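Report on the following structure.
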Amino acid sequence: MDYKKAVLRVIRCASRALRILALGAFGACVAAAAGATAATPSKQLRLYVLDCGTISAMDPALFGLKPNEVNREVNFVTPCYLIVHPKGTLIWDVGQVPDQDIPDDGTEVVQQGILKAKRRLGPQLAALGFEPKDITYLAMSHYHADHTANANLFAGSTWIVQQAEYDVMFSDAQVGIRMPDTYKALKTARRITLNNADHDVFGDGSVIIKTAPGHTPGHQMLFLKLKKFGPLLLAGDLYHLPEERTLDRVPTFDFDGAMTRATRKKVDQFLKQSGATLWIQHDPPTYAKLKKAPQYYD
Ligand SMILES: [Zn+2]
């Protein structure tokens with residue numbers, strides 16, 4: 001997009017904002033236009049880290065840990081991630097509070113007592129020049145409610161899911177930590193269904209969905225080969241806290257703890273062999289150090 005088009009876009013967007021008396025939206029218009037100029041399309045693989053909320057204090061026992069083994073409040077962050085590749089885009093995990101439930105004025109909304117968010121995913125994508133309908137692929141680490149909130153926005157994308165996960169998501173049985181309303185539109189989405197298998201998303205080995213069952217039956221992770229940053233593994237909820245890793249603990253609510261441990265062993269081998277950096281997605285100290293969108297990793 002050239003400068004003139006960007007300016008026109010700001011003016012159009014701002015006049016819309018004025019009509020609805022939302023003056024604060026002007027800044028967002030400028031950011032959206034500038035972001036659109038910067039980010040579409042990318043010749044090189046990029047990873048953007050987006051803010052999809054926080055989860056407030058939980059009992060460390062849920063993660064197999066005693067209070068004195070953690071020695072702090074167990075709070076989580078919940079990022080979403082946008083991957084931009086020359087051949088398309090992938091959204092990885094889509095938050096814990098649906099956009100339509102987050103108010104315009106930036107106040108924090110709290111759902112189910114602990115799931116908090118104050119920023120919508122849609123506008124964060126718009127600021128980078130994307131709309132949900134532009135996103136080529138959707139993949140979530142797993143079906144738990146803190147990862148699926150905005151899945152319906154991506155019903156026009158191709159959804160990459162493990163068969164075992166799909167079966168739980170649409171099962172008629174009582175299933176915990178599940179919010180089927182947030183992903184019901186995926187039922188009819190184009191789908192790539194994997195049978196406990198890895199998947200090379202763009203066919204060049206740079207973006208790979210990795211099967212990692214245990215936390216849920218079809219839990220998966222995302223491996224990226226970034227040119228400057230190097231290899232990176234987004235671990236989903238294979239771990240929530242670093243202490244699960246150092247003290248060998250498994251959450252009490254995992255689908256199959258023994259399976260989690262077997263997966264973790266394989267992942268350790270993979271990390272060794274690939275040299276990848278591991279990001280524990282929910283870990284606040286990991287997240288605090290990350291570049292956030294509109295900055296990116298490449
Ligand atoms: Zn989670």
Side-chain angles (χ1 to χ4, degrees), residues 1-3 5-6 9-10 27-54 77-96 99 117-141 147 150 153-154 157 160 200-210 220-236 274-298:
M1 183 184 300
D2 62 29
Y3 176 74
K5 277 188 192 154
R9 193 175 159 145
V10 171
C29 298
V30 175
T37 309
T40 25
S42 169
K43 283 189 194 138
Q44 200 156 284
L45 181 64
R46 282 183 180 179
L47 164 68
Y48 292 93
V49 179
L50 308 170
D51 171 6
C52 283
T54 57
V77 289
T78 301
C80 298
Y81 306 85
L82 175 69
I83 290 87
V84 181
H85 182 279
K87 285 192 184 158
T89 46
L90 163 70
I91 186 103
W92 173 254
D93 283 342
V94 289
Q96 56 189 13
D99 274 11
K118 50 185 164 192
R119 297 183 66 193
R120 293 178 183 161
L121 177 56
Q124 293 186 66
L125 293 176
L128 300 171
F130 298 97
E131 286 183 54
K133 68 171 175 53
D134 303 328
I135 303 301
T136 325
Y137 297 103
L138 158 72
M140 296 172 286
S141 55
H147 297 259
N150 289 298
L153 293 179
F154 303 95
S157 311
I160 307 171
D200 185 347
V201 179
F202 298 104
D204 64 357
S206 67
V207 179
I208 294 177
I209 303 279
K210 292 193 69 67
Q220 50 190 10
M221 310 177 298
L222 182 65
F223 174 67
L224 301 173
K225 251 187 198 165
L226 293 156
K227 277 220 165 82
K228 278 190 208 151
F229 182 82
L232 170 66
L233 185 67
L234 300 181
S274 64
T277 301
L278 173 80
W279 284 359
I280 298 177
Q281 295 185 190
H282 280 308
D283 183 42
T286 301
Y287 180 77
K289 289 184 220 138
L290 302 186
K291 290 191 269 189
K292 315 298 186 309
Q295 295 184 76
Y296 55 83
Y297 291 91
D298 62 358

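Predicted model, so just to flag it, every value in this text is computed and none were measured.
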Practice problem: Please test Asp204 against His85 for side-chain contact (heavy atoms from CB on, under 4.5 Å), starting from the C-alpha separation and ending with a verdict. | Solution: CA-CA 10 Å; Asp204 64 357; His85 182 279; 2.8 Å; yes
Practice problem: Under the side-chain contact (heavy atoms from CB on, under 4.5 Å) rule, what do Cys52 and Leu121 come out as? Steps first, then yes or no, please. | Solution: CA-CA 7 Å; Cys52 283; Leu121 177 56; 4.1 Å; yes
Quiz prompt | side chain to side chain donor-acceptor pair (under 3.5 Å) between Gln96 and Thr78, intermediate numbers included | solution = CA-CA 8 Å; Gln96 56 189 13; Thr78 301; 2.9 Å; yes
Exercise. Give the intermediate values and the outcome of side-chain contact (heavy atoms from CB on, under 4.5 Å) for residues Ser141 and Met221.
Key: CA-CA 6 Å; Ser141 55; Met221 310 177 298; over 6 Å; no
Quiz item: Given Arg119 and Gln124, is the side-chain contact (heavy atoms from CB on, under 4.5 Å) satisfied, shown in steps?
Solution: CA-CA 8 Å; Arg119 297 183 66 193; Gln124 293 186 66; 3.6 Å; yes
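Side-chain contact check for Leu153 versus Ile91: every heavy-atom pair is 4.5 Å or farther apart. Inter-residue side-chain proximity for Pro79 and Asp51 is flagged as unmet; no heavy-atom pair is nearer than 4.5 Å. Counting heavy atoms from C-beta on, the side chains of Asp99 and Pro123 come closer than 4.5 Å. Inter-residue side-chain proximity for Pro86 and Lys43 is flagged as unmet; no heavy-atom pair is nearer than 4.5 Å. Residues Leu90 and Ile135 have side chains not in contact (no heavy-atom distance under 4.5 Å, counting atoms from C-beta outward). You'll find the side chain of Met140 reaches within 4.5 Å of the side chain of Leu138, heavy atoms only.
Annotation: Lys227, atom NZ; neighbour count of heavy atoms from other residues, nucleotides and ligands within 6.0 Å does not exceed 12.
Between Tyr297 and Trp279, the distance separating the two ring centers is shorter than 6.0 angstrom.
Of all non-hydrogen atoms in Ala139 and Ile209, the two that sit nearest each other are CB-CD1, 3.6 Å. The shortest non-hydrogen separation linking Tyr287 to Val77 is CB-CG2, 3.5 Å. Shortest non-hydrogen contact noted between Cys80 and Gly95 is SG-N, 3.3 Å.
Of the N and O atoms on the side chains of Gln281 and Asp93, at least one donor lies less than 3.5 Å from an acceptor on the other residue.
By the side-chain contact (heavy atoms from CB on, under 4.5 Å) test, Leu224 is found to be paired with Leu47, Ile83, Val207, Leu222, Leu226, Leu232, residues two or more places apart in sequence or in another chain being considered. Applying the side-chain contact (heavy atoms from CB on, under 4.5 Å) criterion to Thr136, with sequence neighbours excluded, gives Thr89. With sequence neighbours excluded, no residue forms a ring-ring contact (aromatic ring centres under 6.0 Å, His included) with Phe154.
Relative ring orientation between Phe202 and Tyr137 is described as perpendicular, the plane-to-plane angle rising above 60° on a 0-90° scale split at 30° and 60°.
We find the OG-CG distance between Ser274 and Leu233 to be 7.5 Å, quoted to the nearest 0.5 Å.
Of the charged side-chain nitrogens involved, at least one lies within less than 4.0 Å of a carboxylate oxygen, so that Asp298 and Lys228 count as a salt-bridged pair.
Side chain of Asp200 to backbone of Ile208: no donor-acceptor contact under 3.5 angstrom is found. Side-chain atoms of Asp283 do not come within 3.5 Å of backbone N or O of Ile280 as any donor-acceptor pair.
Checked options Tyr81, Tyr296, Trp92; the residue passing with Tyr48 is Tyr296 (criterion: ring-ring contact (aromatic ring centres under 6.0 Å, His included)).
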